[in-house]
Amino acid sequence: MDIIAIYSNKGGVGKTAAAVNLAYEASRSGMAVLLCDMDSQGAASYYFRVRPKKKFSDKKFLQGDINDFIRGTDFDGLDLLPALFSFRHLDLRLDKMEKRKNGSVFDTVFKTIAGEYDLVILDCPPNPTLLTEHIVRTADILVTPVIPTTLSILALQQLLKLTVELKIGHRKIKAFFSMVERRKNLHSATIEQYKKYPVFMKTEIPFLAEVEKMGINRQPVGAAARNSASALAYERLWQEIWQRS
Ligand SMILES: Nc1ncnc2c1ncn2[C@@H]1O[C@H](COP(=O)(O)OP(=O)(O)OP(=O)(O)O)[C@@H](O)[C@H]1O
Ligand SMILES: [Mg+2]
């Protein structure tokens, strides 16, 4: 079972849009996929119209007691672990647990479901927190959306620095240009300047109203319109991530 985290310490760069659509595309390719909503805002859960069960808690999550709280979606091969608002306390809990235990607390969380899924996709909250460090250590692949602007590039540089600090190297990072508007000079110039770096994948996700409309349709873009430009872009992105892994 592979774990792919969708992460950037910058907010609003297209992490949740990528997590939802990549999870959907991976399930279409025949994999058994669990999308895990790690963000207490619960945006990924909202897109699938799924609410958490009452007895679920952030404490249970960290103990790896997640099996009973996984929900199905309308799509074959795609399940969801919805976020709780109390996931905002995960940092505090991790801090206490770390003091008692060596190694990554997070490694144990997904052990109980290892035989049931081919892939876990984590939709992460922004900000470099303790939770992020655990996710960065645990994930096999870190997919990071970068809007082709200065501040998003800065966020990528910070992620590269974090992986060096954590001594895990850059190899698991796969960046892609997100919300691209080629008619903007800054976007085109930034892409031209940075695309040569091997951390970047070739596929770009354009800025498209179809993606924004996910908030109304509440389903992945590929389910709303299979041959739309956005659905095809996420399909290509999924293929590139999986080919290069
Ligand atoms: N390719 C795109 N084209 C147009 N709009 C997009 C695109 N990707 C994301 N959006 C819109 O931009 C907003 C932010 O996207 P999203 O929620 O995916 O970002 P995020 O990085 O997960 O944000 P947060 O850091 O708050 O979790 C949303 O309203 C979403 O619909
Ligand atoms: Mg998000």
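Note that the structure is predicted; figures quoted are calculated from it, not measured. Both counts, for ligands and for their atoms, begin at 1 and track the order of listing.
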Under the 4.0 Å line, does any protein heavy atom show up next to [atom]?
atom	value
atom 4 (C) of ligand 1	yes
atom 24 (P) of ligand 1	yes
atom 7 (C) of ligand 1	yes

### Message
Regarding Ser45 and Asp37, do their side chains bring together a donor and an acceptor under 3.5 Å, going by distance alone?
### Response
yes

### Query
Going by atom types alone, do Gln219 and Asn217 pair a side-chain donor with an acceptor below 3.5 Å?
no

Under 4.0 Å between a Lys/Arg side-chain N and an Asp/Glu carboxylate O for [X] and [Y]?
X	Y	answer
Arg182	Glu204	yes
Asp58	Arg93	yes
Glu116	Lys111	no

### Task
Could you establish whether Ala43 and ligand 1 come within less than 4.0 Å of each other, counting only heavy atoms on the residue side?
no

### Ser8 near ligand 1 by a heavy-atom separation under 4.0 Å
no

### Query
Relative to the heavy atoms of Gly11, which atoms of ligand 1 are at a distance of less than 4.0 Å?
25 (O)

### Summary
If we number the atoms of ligand 1 from 1 as shown, the ones under 4.0 Å from a heavy atom of Pro126 are 25 (O)

So is [X] polar-close to ligand 1, meaning N/O to N/O under 3.5 Å?
X	result
Cys124	no
Pro206	yes
Ala17	yes

#### Entry: Candidate list Phe48, Trp238, Tyr47, Phe75, test ring pair (Phe, Tyr, Trp, His ring centres under 6.0 Å), partner Tyr24, passing option
Phe75

Answer side chain, backbone, both or neither: which part of [X] comes under 4.0 Å from ligand 1, heavy atoms only.
X	result
Gln41	side chain
Thr16	both
Asp123	neither

### Task
Pick out which of Glu210, Glu212, Glu235, Lys213 makes a side chain to side chain donor-acceptor pair (under 3.5 Å) with Ser230.
Glu210

### Task
Would you indicate whether the side-chain heavy atoms of Cys36 and Phe61 approach each other to under 4.5 Å?
yes

### Query
For Tyr46, is the NZ or CZ atom of Arg218 found under 6.0 angstrom from the centre of its six-membered ring and inside 45 degrees of the ring axis?
yes

### Query
Hey, looking at atom 12 (O) of ligand 1, which of Met214, Met179, Glu212, Glu204 has the closest heavy atom?
Met179

### Top protein contact for atom 21 (O) of ligand 1, by heavy-atom distance
Lys15 NZ, 2.7 Å

